[in-house]
Colleague: 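Sharing a structure, written as structure tokens. Questions coming.
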Protein chains: 2
Amino acid sequence: MREAVEKILSGSHLAGARLISLLEARQSEGVALLKQLYPHTGAAFIIGITGPPGAGKSTLVDCMITELRLRKKRVGVLAIDPSSPYSGGALLGDRVRMRGHELDDGVFIRSMASRGRMGGIGQSTREAVLVLDAMGHDVILIETVGVGQDEIDVIGVSHATVVVSIPGMGDDIQAMKAGLLEIGDVFVVNKADLAGSEELVRLLEGMLHLRADAVSSWRPPVIQTVALRNEGVAELIDACFDFHRQASASGLLSQRIAGNQTAFLRQLVMELAAEKILKPASSRDRLAELNRAVARREIDPYTAAEKLLATFFR
Amino acid sequence: MREAVEKILSGSHLAGARLISLLEARQSEGVALLKQLYPHTGAAFIIGITGPPGAGKSTLVDCMITELRLRKKRVGVLAIDPSSPYSGGALLGDRVRMRGHELDDGVFIRSMASRGRMGGIGQSTREAVLVLDAMGHDVILIETVGVGQDEIDVIGVSHATVVVSIPGMGDDIQAMKAGLLEIGDVFVVNKADLAGSEELVRLLEGMLHLRADAVSSWRPPVIQTVALRNEGVAELIDACFDFHRQASASGLLSQRIAGNQTAFLRQLVMELAAEKILKPASSRDRLAELNRAVARREIDPYTAAEKLLATFFR
């Protein structure tokens, strides 16, 4: 264990990847390691990148990695993939996304399945972020594929959120932006060489103007990029660091970190409680029995849940 | 309360909508009503409709409603919207989707936010389904907007899952289909008048051919629709009822229902446990104290969670 801890702290990709796999599989050994690593976390700047499918997020993240490497930053990347609830596998292989960074020891990329566990992607993402942090990465990029709950979860882990959109997407994708609009610290109009780019920038700027930021005086910028030609990426990275600086000074960042940590702690408490309440063989028998009664409509599920819990709490 | 129960059982839209709002707001009055309604549930056929944004799901659902009404079925619809974690509002107004069904007492449509609560959309969707069921709807359609966790959750509520795709979507949308492929009972190629429709049908049929269904001999059909012209919708509804018949006979349906119910019961147990563990003022003080220690890295979050729980469990 001592050895694994040291390997991770020295940035070993192999040891880091192994620990993330242990944590994903809910192996207690993984948690034991993470406990030891925890005092060595807290230095990384965590950036969430989100937006609708087709916005070119993967390519943009590739460019962000390259730009961050030019600035001598060590970069960890988590790509959250929507995945099958059955196979549990991440859909997009890591090899697909590693192009150009395979030989760079300063870049660590990991795909994670967004599986249907209690708490959604939150917990395993949080844990993987801690591992990447302990490994000594200066910046951690979390990329979500897809929209919906995953997106909302990822802001509970990040210090800064980058929202990516592109010109000319359909109506319902525009509608989703209303939700994304509130969570972004930096906005990107990618594929900015397409028609409609200027209009989208103006639309976003107009909507952002209406957004009330209670805590911070930060005005989220809208940055045009053409990821495929590496245009606008340096400006995007500048904007992220600008945000980090200003949010550190205003107290927004420490407030956000405290909020994220509270959510993590509550989640851990409830995961441990679930183990104590649902896992014992006696509970499983009782659950099966109550389930049969619920199925026969002899009891409603709420009363059944109360009955089960009554054996644990006064 | 007696009166509200009777109004809901007689199908009152107003009383049903009010109860769903109470449940979404976690009002104990809502749960009390649902307990009374529970014995009157279990008759509805619950169909989940899922697929990437832009596939035309809303229009397709509109056509499905019309077709089901022609067959004299009472139809309840839940539209799950990705929503802001802050405003909590559903993005697409119910009025938008009500077109053509406003005056039909046999159709009840409700939009629900997919909010960041423990358990994702699962619990409030399950509860709303129970309300629609008690109201006497023969068929309940659950439409998800977006992809990712929401999609995975919705299959935990449905009896049958319809997966909608369209020709000519981008690469990463195709990649997502791999996950959706495993959860579908009926597949729809919508906008089947577009180029590439036949190819997509053949692609889906080829991939479905490889899918191993352990429990059932059901071979998921691929149905071409042009929702805007109401083409193929009768065939889609036929396929859903075919599945229902065959899955009832094979035992697949009762197995699925039992699985869904177990998940719901476990979720309720943990929600009640969270109330007992996290809600008391003493817990909140202890949590705040532990949080400060975690922030100072004096203790890791896992040990902190164990400490908090130790006061509840032996």
Side-chain angles (χ1 to χ4, degrees), chain A residues 31 34-35 38-39 42 52-54 82-87 91-92 114 116 118-121 145-150 152-153 170 172-173 175-176 178-179 182 258 261-262 264-266 268-270 272-274 276-278 287 290-291 294-295 297 300-306 308-309 313, chain B residues 31 34-35 38-39 42 52-54 82-86 91-92 114 116 118-121 145-150 152-153 170 172-173 175-176 178-179 182-183 258 261-262 264-266 268-270 272-274 276-278 287 290-291 294-295 297 300-306 308-309 313:
Chain A
V31 171
L34 208 46
K35 283 181 179 180
Y38 193 74
S83 75
S84 153
Y86 298 114
S87 74
L91 286 171
L92 306 170
S114 64
M118 188 175 77
I121 64 161
V145 178
V147 285
Q149 194 55 48
D150 291 355
I152 294 165
D153 285 351
D172 49 1
I173 291 175
M176 272 169 216
E182 293 177 54
Q261 187 195 280
T262 306
F264 185 35
L265 191 51
R266 293 168 66 99
L268 286 180
V269 167
M270 291 318 298
L272 275 177
K276 285 178 192 286
I277 294 170
L278 298 175
L287 256 179
L290 287 165
N291 247 319
V294 170
R297 258 73 185 167
D300 68 84
Y302 297 89
T303 307
E306 286 159 12
L308 185 83
L309 264 190
F313 296 90
Chain B
V31 171
L34 207 46
K35 283 181 178 181
Y38 193 74
S83 74
S84 154
Y86 298 114
L91 286 170
L92 307 170
S114 63
M118 190 176 76
I121 65 160
V145 179
V147 285
Q149 193 56 46
D150 291 354
I152 293 165
D153 286 350
D172 50 359
I173 291 174
M176 274 170 215
E182 293 176 54
I183 68 171
Q261 188 196 277
T262 306
F264 184 34
L265 191 51
R266 293 167 66 97
L268 287 180
V269 167
M270 290 318 299
L272 277 176
K276 284 179 193 286
I277 294 169
L278 299 175
L287 257 178
L290 287 166
N291 247 320
V294 171
R297 260 67 187 173
D300 68 84
Y302 297 90
T303 306
E306 285 159 12
L308 185 82
L309 265 190
F313 296 91

Colleague: Which heavy-atom pair separates Tyr302(A) from Lys35(B) by the least distance, and what is that distance?
Modeller: CB-CE, 3.6 Å

Colleague: Give me the atom names and distance for the closest heavy-atom approach of Leu265(B) to Ala305(A).
Modeller: CD1-N, 3.8 Å

Colleague: Based on non-hydrogen pairs under 4.5 Å, which of Leu278(B), Leu34(B), Leu290(B) is most in contact with chain A?
Modeller: Leu278(B)

Colleague: Hey, what do you get for CD (Glu306(B)) to CG (Leu272(A)), rounding to the nearest 0.5 Å?
Modeller: 5.5 Å

Colleague: Chain B heavy atoms under 4.5 Å from Ile277(A): which part of the residue, side chain, backbone, both or neither?
Modeller: side chain

Colleague: Side chain, backbone, both or neither: which part of Leu287(B) has a non-hydrogen atom closer than 4.5 Å to chain A?
Modeller: both

Colleague: Please determine, among Val31(A), Val294(A), Leu308(A), the option with the most heavy-atom pairs under 4.5 Å with chain B.
Modeller: Val294(A)

Colleague: Nearest 0.5 Å, please: how far is NZ in Lys276(A) from CG in Leu309(B)?
Modeller: 6.5 Å

